[in-house]
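Scroll down for the structure; my scribbles are underneath it.
Since the structure is predicted, the reported quantities are computational estimates derived from the model, not experimental observations.
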4 protein chains.
Amino acid sequence: MPKQTFFNLNSSKQNRIIDAAIAEFGAHPYLKTSINRIIKKADISKGSFYQYFNNKKDLYKYVIDQVSDAKMKFLGEKLQNYQQLEFFELLRELFIAGIQFRKNFPRYSEIGDRVLNSSNKDLKNELYAESKPKSNDFFEKLLLKAVQEGKIDPEIDIKFTAFMLTEFSVSIVNYFFETHDTDNVDEIMNYVDKMLYIMKNGIAKGDKNVTN
Amino acid sequence: MPKQTFFNLNSSKQNRIIDAAIAEFGAHPYLKTSINRIIKKADISKGSFYQYFNNKKDLYKYVIDQVSDAKMKFLGEKLQNYQQLEFFELLRELFIAGIQFRKNFPRYSEIGDRVLNSSNKDLKNELYAESKPKSNDFFEKLLLKAVQEGKIDPEIDIKFTAFMLTEFSVSIVNYFFETHDTDNVDEIMNYVDKMLYIMKNGIAKGDKNVTN
Amino acid sequence: MPKQTFFNLNSSKQNRIIDAAIAEFGAHPYLKTSINRIIKKADISKGSFYQYFNNKKDLYKYVIDQVSDAKMKFLGEKLQNYQQLEFFELLRELFIAGIQFRKNFPRYSEIGDRVLNSSNKDLKNELYAESKPKSNDFFEKLLLKAVQEGKIDPEIDIKFTAFMLTEFSVSIVNYFFETHDTDNVDEIMNYVDKMLYIMKNGIAKGDKNVTN
Amino acid sequence: MPKQTFFNLNSSKQNRIIDAAIAEFGAHPYLKTSINRIIKKADISKGSFYQYFNNKKDLYKYVIDQVSDAKMKFLGEKLQNYQQLEFFELLRELFIAGIQFRKNFPRYSEIGDRVLNSSNKDLKNELYAESKPKSNDFFEKLLLKAVQEGKIDPEIDIKFTAFMLTEFSVSIVNYFFETHDTDNVDEIMNYVDKMLYIMKNGIAKGDKNVTN
DNA sequence: CATGAATGAGGGTTCATTCAT
DNA sequence: TATGAATGAACCCTCATTCAT
């Protein structure tokens, strides 16, 4: 966590620092990330940086938290309107909202992608201790409710299925960008529906083979 | 590719170098990886290193290739015995073989994990140009055959489903190691079966809800 | 340009660095020039060096600029006393001043020679974008004035002639040091006069064959 | 000088080596020049190289000699046809021949330019001990003959004037390429004529101000 | 709370030359 | 005569962090 000194700063300066950090962490893999560039962009001194943060990782984790919170807030707001939806429709809206977030806050997503794809296990685990569960929890709650409402197969392992859904939300984006050069992220819904089709006919209770 | 000079070396020396590289690339994310440590461990001079390889990435890609080839060879041998199996049983044997490989060649797997999880997009794309497709192709062929034999739902997008399976083969291992401290990789089959259950009831044609 | 950090240093330290750089750049062709030697001589750390300068070329260009400015300042001061002189006498004084500069600041001249004789075209062009024109401009102005005053042949191409004079100011020194082992740079005036004789009877208007 | 072993090679192999060396020495400043690239291009082994030449400089000097000899031979042949010409016309033909050589053997000229512009004094002096005098001698002989025939001012210092002409032959080319982007080397004659005009009216005996 | 100079280990890479075969 | 593996010093440059002011 940042030191108290950081939070004592006026929010304009805080924002300058966070913005610079987001740009840097989004633009390079963590290990290539440079504090020098961050302080230069944020226009603060090196000494100040170390008065606000314990070290590079401290800032990194804080930024990830901010981004993660922003996404959860964004998704939460969207989903309030869909509480009455059936599980799979809600799931679909969730993916749509995720893609909207991506379009609205591309730099936030760059960081998210890097975190989820990072090969730095030690760092990743430290981060996952918080951030990944947030997503898993999200799906777990939805799944639990759907099971209780008799909408989906009670035989499934909820925790594991939540994990699968989280992995997919990342994988699909990866797949899309690995196989498409375009920026048209709407097309990605095509793959989301394919995935949902598979998931639905797999985990939905009874009445299989009915697509939607 | 390594230079010819590398292949001219006696195999004992080649092995010393590759072993040192595997250890290094398995122990650190690529960017933290050190040629100095590799040559020290392999007991060769810096000048020699650059007579064998063009640069660090050259060695890295070569090692990945070796590992990838070893895995494909290992899986290929295993699967020859199972050609007559039904699709989902074959799929299950495939995962079992993958886990066996992991147990038999733990250091190879460390590298494999790093590659698949790398956040260095440029490098990743360079490597994937070969390695990821290998896995995708594998699943694609199986899926195509199964569709032709009327074993699975012909509505699915084969390429995309192959991608999903590849992602799962990585994700499940990740999930296992994130949620378990033990080295007992056999327990992982529990998750494999859960995943297969979901996949099967999703993509298998007709007669849904029959587990096995 | 050096970074601001360099100019923030006390001048004693700045001088130590510049002196070390002058010695190094004067003693070796640019490509053989070593930052390691410079920082060792200047007694600063490698890290510090790169806090002051962007890279080796940055320092090099700065040193060249300093030397060039010093020479222009030196010549400018000398020439203020000779403004009323006739063109060829002024030209002669200019050469004398150049030689004096050489005697007074031998290490500056070593660098100057290297720059003018460098075979590194890319670097040279970058430097010449400023430094060579300084000399050419100098001669151009003198020539233009002399033409306007009717002292020299208006048929000549002023730019080209200025270039010739610049080249000579270098060549003559080269010639002298190639054919003499002595340090007695006064003797060089002998060649200057021979050159001026040729130039004069070539470009002076009318009344040729009158030496002085 | 190359070792005897080099001259024992069949001329095809000798040529391969010399051609590779010419390409390399023409493409980079001497210090950036790489034996590795030369042997690779010439398709000989490293060991062989050091059996043919004592070291890099040995090869370099030999190549320069070859190039220099080729130029002298080329000029010599041209000039046999012009022996009856008046001094300044001969001089002009000499420059034309020089430019022709440049056009016909561009790679030879690249090396020549690098040598004449080299900032590596030690190496340069070693080379000049032979090559530059060749050019100076050439002009000296012409000048001496012209003086004896009463064509030019006997007051001039022949050695020094020969040096000036040599410098000019280099400078003019430099000037041309610094001020022109085109490859049209014919245009260079414009500058040659300007230079000759200056030289002529300077060193020609009597009857000044008669251009041609 | 702010500053920014200082650090030095470490990074990857190049190179001409030697020498045993 | 031919080979090419081996060498290791030197190259330029980056970095996160410390600390005196």
Distance under 6.0 Å and angle within 45° of ring axis: Lys56(A) vs Tyr30(A)
yes
Under the salt bridge (charged side-chain N to carboxylate O under 4.0 Å, His left out) test, which residues partner Asp69(C), sequence neighbours left out?
Lys134(C)
Taking only residues two or more places apart in sequence, or in another chain, which ones meet Phe25(C) in a ring pair (Phe, Tyr, Trp, His ring centres under 6.0 Å)?
Tyr60(C)
Run the ring pair (Phe, Tyr, Trp, His ring centres under 6.0 Å) test against Tyr108(B) and tell me which residues pass, sequence neighbours left out.
Phe105(B)
Distance in angstrom units between Lys40(D) NZ and dG4(F) P, rounded
14 Å
For nucleotides dT21(F) and dC1(E), find the distance between their P atoms and express it as a whole number of Å.
22 Å
Could you state the CG-P distance from Asp58(B) to dG12(E), rounded to the nearest angstrom?
14 Å
With side-chain hydrogen bond (donor to acceptor under 3.5 Å, both in side chains) as the rule and sequence neighbours excluded, what pairs involving residues 43-55 of chain D come up?
Asn36(D)-Lys46(D), Ser45(D)-Ser48(D), Asn54(D)-Asp58(D)
With a non-hydrogen cut-off below 4.0 angstrom, is Phe53(D) in contact with a base, only sugar-phosphate, or nothing?
nothing
Test of understanding: with side chain to side chain contact (heavy atoms under 4.5 Å, CB included), list the residues that count as partners of Lys40(B), not counting sequence neighbours.
none
Dot-bracket, DNA chain E: Watson-Crick or G-U, under 3.5 angstrom, [ ] crossing, | other strand?
.||||||||||||||||||||
Test of understanding: with salt bridge (charged side-chain N to carboxylate O under 4.0 Å, His left out), list the residues that count as partners of Arg37(C), not counting sequence neighbours.
Glu24(C)
Calculate the interatomic distance between Asp43(D) atom CG and dG4(F) atom C1'; express it in whole Å.
13 Å
Set of residues satisfying side chain to side chain contact (heavy atoms under 4.5 Å, CB included) with respect to Lys32(D), sequence neighbours excluded:
Leu31(C), His28(D), Pro29(D)
Applying side-chain hydrogen bond (donor to acceptor under 3.5 Å, both in side chains) to Thr5(B) and not counting sequence neighbours gives none
Sub-4.0 Å heavy-atom contacts from residues 3-25 of chain B onto DNA chain F, ordered by number:
Thr5(B), Asn8(B), Leu9(B), Lys13(B)
Test of understanding: with side chain to side chain contact (heavy atoms under 4.5 Å, CB included), list the residues that count as partners of Ser12(B), not counting sequence neighbours.
Asn10(B), Arg16(B)
Distance check needed: dG4(E) P versus Ile44(A) CD1, whole Å only.
11 Å
On the 0 to 90° scale, with breaks at 30° and 60°, tag the Phe53(C)-Phe6(C) ring pair as parallel, tilted or perpendicular.
tilted
Do nucleotides 13-21 of chain E as a string where each nucleotide becomes B, S or -: B if the base has a protein heavy atom under 4.0 Å, S if just the sugar-phosphate does, - if no protein is that close.
BBBBBB---
